[in-house]
**Q** 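The structure's right below; bear with me while I get my questions together.
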Amino acid sequence: MAKIVSLPQAVSELVRDNDTVALEGFTHLIPFAAGHEIIRQGRRGLTLVRMTPDLVYDQLIGAGCASKLVFSWGGNPGVGSLHRMRDALATGWPVPLEIEEHSHAGMANRYVAGASGLPFAVLRGYAGTDLPEHTASISSVTCPFTGEELAAVSAVNPDVTIVHAQRADRSGNVQLWGITGVQKEAVLAARRAIVTVEELVDELTPVPGAVVLPTWVLDAVAVAPGGAAPSYAHGYYHRDNTAYREWDAISRDREAFTRWLKSVKEAGA
Amino acid sequence: MAKIVSLPQAVSELVRDNDTVALEGFTHLIPFAAGHEIIRQGRRGLTLVRMTPDLVYDQLIGAGCASKLVFSWGGNPGVGSLHRMRDALATGWPVPLEIEEHSHAGMANRYVAGASGLPFAVLRGYAGTDLPEHTASISSVTCPFTGEELAAVSAVNPDVTIVHAQRADRSGNVQLWGITGVQKEAVLAARRAIVTVEELVDELTPVPGAVVLPTWVLDAVAVAPGGAAPSYAHGYYHRDNTAYREWDAISRDREAFTRWLKSVKEAGA
Amino acid sequence: MTSQTGTWSTDEMMTIAAARSLHDGQACFVGIGLPSTAANLARRLHAPELVLIYESGTIDTRPDELPLSIGDGNLADSALTVVSVPEIFNYWLQPGRIDVGFLSGAQLDRMGNINTTVIGEYDEPDVRLPGSGGAPEIAASCREVIVVMRHKLRAFVESVDFVTSVGYGDGPRDRGLLGLRGAGPVQVITDLGMLEPDPETFELVLTSLHQGVSIEEVRAETGWELVVTADLKITTPPSVEELTTLRGMRTVGSSDRRDPPSGTAATRSVGIGVGVGVGEDAP
Amino acid sequence: MTSQTGTWSTDEMMTIAAARSLHDGQACFVGIGLPSTAANLARRLHAPELVLIYESGTIDTRPDELPLSIGDGNLADSALTVVSVPEIFNYWLQPGRIDVGFLSGAQLDRMGNINTTVIGEYDEPDVRLPGSGGAPEIAASCREVIVVMRHKLRAFVESVDFVTSVGYGDGPRDRGLLGLRGAGPVQVITDLGMLEPDPETFELVLTSLHQGVSIEEVRAETGWELVVTADLKITTPPSVEELTTLRGMRTVGSSDRRDPPSGTAATRSVGIGVGVGVGEDAP
């Protein structure tokens, strides 16, 4: 059963140094507020898992929270590169960063395996590409019926998954809709799960296309209005494309980034 | 792209003797009208695939349409046995019936593999049971990462899948809701797909919990109001529990069944 | 065995004992028939936050009336969410996140193994039963399994004709060797009493008698040398609240309230002949 | 190369040529940027029943305005249905039911292989690119792949530094040996012309020049000995309808209509530096 707590309390109790942490949300509902809280609480040595690292992981990497990144597409959508990620990879600033790299199909299936209690998933993927030789979590299996060889990827089971949703009821059942990405799988694959929400409501009236996460598979629900900005929350606010473009200049420059980091830390004080 | 046609035309053009046919619908939205049309058109030698054979397959088996049944639970829910299925198995009346037997988890995953274009699926299943020694489509695979042995089931790819849905638009996009079972997977696993619907509408307004099947993965949509009776269509009509109970007496007796069969054939004339 | 003991039927005792075995806040994988009645009864009594999950894909259902089939419309209407059948098995049952699964069968053996497939040989059976349904994986993956079935000699056998669902296999180490994650059948609730696995051998032993039932009556309906625990208990009889609540539960489409002589859940769902056991009488 | 040829830009020509390559009724797996612009243009011109599928899970989207990211809210709002990301890859892309996939990259080689991962060595790259995204499986599973990218010498290379997405591997038999079901890159559309695989060798050869471009200009931007087909064509110039429709398309959140000098789709989506290629510049 999820406890309804503050975001600082949720992060304090459930996110630990050296954890494997997944913050998911495919373009939509990216849990930025939770990412910033992790920065403020100074977690270190995290293995960050996410299909599309996006700005939120560029920020966590630049803040020195991460020692490893597991991902399938690392860019600033429509803008360019993730400069903090590039800097950490190239120069080890502020701390060295290891990577484990997949395709989207591979990462999605790793979460599916994790959510399903299986040690691996099978897919038609990676054949002929150079990825398998660099990524230990890609292997192959032979179909016992046809003899065909297929790709296998190991399950991902984060210590903690954090997602953002539109709303929760007072028991901690969560509802999200619009583009729902891989959030259900990321939550069900995790040992612990935190959901930040735009609002608490008395009742979760049904919404077309909604995914519901029952309270008994969650550990904490925290109210964080605007918690997905500068990404968006369908039905609540739009994507702040200007912020995405402006991140390019901030993240290119260590000093500009350091100023940004200071402002995030002060915002929590 | 689905053509909007009559049910007799859909069955005539798309269901062939000796086909592997799946009529799916988990308690809800069972495509009885389509089953009766297959009986009227006198198809023979079908391999019938369905998690829960239910009355609809008892009827097809009794009518002599089937040479094989692939299933995971064969009963009249809440009432008792499927007597036509039992008779065919025990005495070969009216024609001998072969079976291929799974668990629900196994059958569901066979459809998932079929829908995913994979030759098999992996699950935690069957371990320690007597099923694998009688069912060739159950095998095992070893996880290439952990060495753990898991069950494998071969994909099901029906020649034709038939499902019933609440409604379609005039382009043949289909919408169903309530308990949606394994219908999406059964349709996507099939080489050809027919959907019977309660009604055609101008627009598929979104419904919470609805599954949508795009017209371009379907071959035919046929309007068949009441086409799921005596099962039910959520929002349209309830399950006819009396008919389920009455089936027990009809199906126990070859003569009573033969009279029923005659009435079904005449209903199409 | 009389059908009434005091002012309640043996089937009512079985249903109420099953309801008591569920704890508030648990997630319970519910079969139709008696498990569904018992789970909904528990939700109305001591376990208002019991999470009911049906294999048709409905999660956290709170039906006002008892469903007739495992896929009734009122299960979908009252559910927190409805998911697909593949999802309910793969994401919800398989990873071991369900606390309790209810099972039954045509045969149960001394090691808790269950048969719902065939009586006799597989290829030429004496009786063809409905088959597996969700049972094999419920038995494998739920944290605990509770078996509910009428205590009959033909059903409580030394060794099942066909292992549809594994209890403790051939002995205490088998579940581990097979990679089964759940604890297995921790309790068997019948119309005569309750059995539990011996902590050492995992053989099912009699731990409780329902009021008015003798050990001899139970032994007469058990196909193995039934061991009785030293601290054999007498099951607490149904309370007035339990009986009143059970009898006040309506089934969908029925105008009758339940009443002991003809309308108990157990009579309806268990007593429908060999091979259609509680929890197995619907897909 | 001038940025304008006649009254249209080279990027407009590329977008319009890409739009023309899509046929009505096809299902198209669309990347953001130029593929999205081209696909939405085709839907407004000759292919009203084109089915647009985005990897964020939106199926049959009909956005009034162009999305900015692959997961924009207007894609969900205008979709026939929205499914999860695992489902879009497993049920929709993987089985080979998508007709056309658009791809691009930082490097494309003579055998149609694409690199969006690194320039240089993997462990110590000269340039770290965004990585795979959906591309490897789009390249493997769509019935056909169309590559759209600006024709630059640094991008059109003899052999890619890293194979992110397989075109024809090392030769005509490789796709079959690898078990890849789709036909591979049947067309490469650039701002200079169009290339297609040679029917025998599967090497990319020049089949069409855009109006005003010379073979020498194309060769100067191609890192291998570019073969030119005997029946080299000149791409039909944009029609007034094509240009008007393209320029009339709005992007979400923008009050500007597109205009050639600064606002073309191609300028926006292709010209954002090495490593963020068309169709790869969003998750």
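Remember, it's a predicted structure, so these values are computed and weren't measured experimentally. Below, chains carry the letters A, B, ... as their sequence lines are ordered, and counting in each starts from 1.
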**Q** Would you check if A:T129 and D:F162 make a side-chain contact, meaning some heavy-atom pair closer than 4.5 Å?
**A** no
**Q** Sorted by first residue and then second, give each side-chain hydrogen bond (donor to acceptor under 3.5 Å, both in side chains) pair with at least one member in residues 170-180 of chain D; sequence neighbours left out.
**A** none
**Q** Should we count CG of D:D64 as having more than 12 external heavy atoms under 6.0 Å?
**A** no
**Q** Do you know the tightest heavy-atom contact between A:E185 and D:S84?
**A** OE2-OG, 4.4 Å
**Q** Examine whether an atom of D:N113 lies under 4.5 Å from a heavy atom of chain A, and if so say whether it belongs to the side chain, the backbone or both; otherwise answer neither.
**A** neither
**Q** Would you indicate whether A:K68, at its atom NZ, is surrounded by more than 12 heavy atoms from other residues, nucleotides or ligands within a distance under 6.0 Å?
**A** yes
**Q** Restricting to non-hydrogen atoms, name the atom on A:E101 and the atom on D:S132 that form the minimum distance, rounded to 0.1 Å.
**A** OE2-N, 4.4 Å
**Q** Can you name the closest pair of heavy atoms from A:R124 and D:Q94 and give their distance?
**A** N-OE1, 2.9 Å
**Q** Specify which of D:P86, D:G179, D:G57 makes the most heavy-atom pairs with chain A at under 4.5 Å.
**A** D:P86
**Q** Is it the side chain or the backbone of A:M51 that comes within 4.5 Å of chain D heavy atoms, both, or neither?
**A** side chain
**Q** Minimum heavy-atom separation for A:G125 to D:E137, with atom names?
**A** CA-OE2, 3.3 Å
**Q** Before giving the answer on side-chain contact (heavy atoms from CB on, under 4.5 Å), spell out for A:H234 and D:V82 the whole-Å C-alpha distance, their side-chain angles and the decisive distance to 0.1 Å.
**A** CA-CA 13 Å; A:H234 204 120; D:V82 181; over 6 Å; no
**Q** Within this structure, what is the CH2-CG distance for the pair A:W73 and D:L129, rounded to the nearest 0.5 Å?
**A** 10.5 Å
**Q** Quick check for you: among A:H134, A:K184, A:H28, which has the greatest number of heavy-atom pairs under 4.5 Å with chain D?
**A** A:H134
**Q** Which heavy atom of D:S56 sits nearest to which heavy atom of A:I179, and what is that distance?
**A** O-CG2, 3.4 Å
**Q** With chain A, which of D:T58, D:N90, D:L180 has the greatest number of heavy-atom pairs at distances under 4.5 Å?
**A** D:N90
**Q** At a heavy-atom distance under 4.5 Å, which candidate from D:A76, D:A139, D:G169 has the highest pair count against chain A?
**A** D:A76
**Q** Counting only heavy atoms closer than 4.5 Å, note whether A:H102 contacts chain D via side chain, backbone, both or neither.
**A** backbone
**Q** Applying ring pair (Phe, Tyr, Trp, His ring centres under 6.0 Å), name anything that partners A:Y57, two or more places apart in sequence or on another chain.
**A** none
**Q** Can you check whether anything in residues 112-123 of chain A gets within less than 4.5 Å of chain D, heavy-atom wise, and list it by number?
**A** A:V112, A:L123
**Q** Could you please state which residues from residues 144-153 of chain A sit under 4.5 angstrom from chain D, measuring non-hydrogen atom to non-hydrogen atom, sorted by number, or 'none'?
**A** none
**Q** Is A:Y232 reaching over with its side chain to a backbone N or O of D:G73, donor-acceptor style, under 3.5 angstrom?
**A** yes
**Q** Against chain D, label A:F71 side chain, backbone, both or neither, depending on which of its atoms sit under 4.5 Å from a heavy atom there.
**A** side chain
**Q** Can you give me the closest heavy-atom contact between D:D161 and A:D130, atom names plus distance?
**A** O-OD2, 4.4 Å
**Q** Go through the atoms of A:R239 and report whether side chain, backbone, both or neither lie under 4.5 Å from a heavy atom of chain D.
**A** side chain
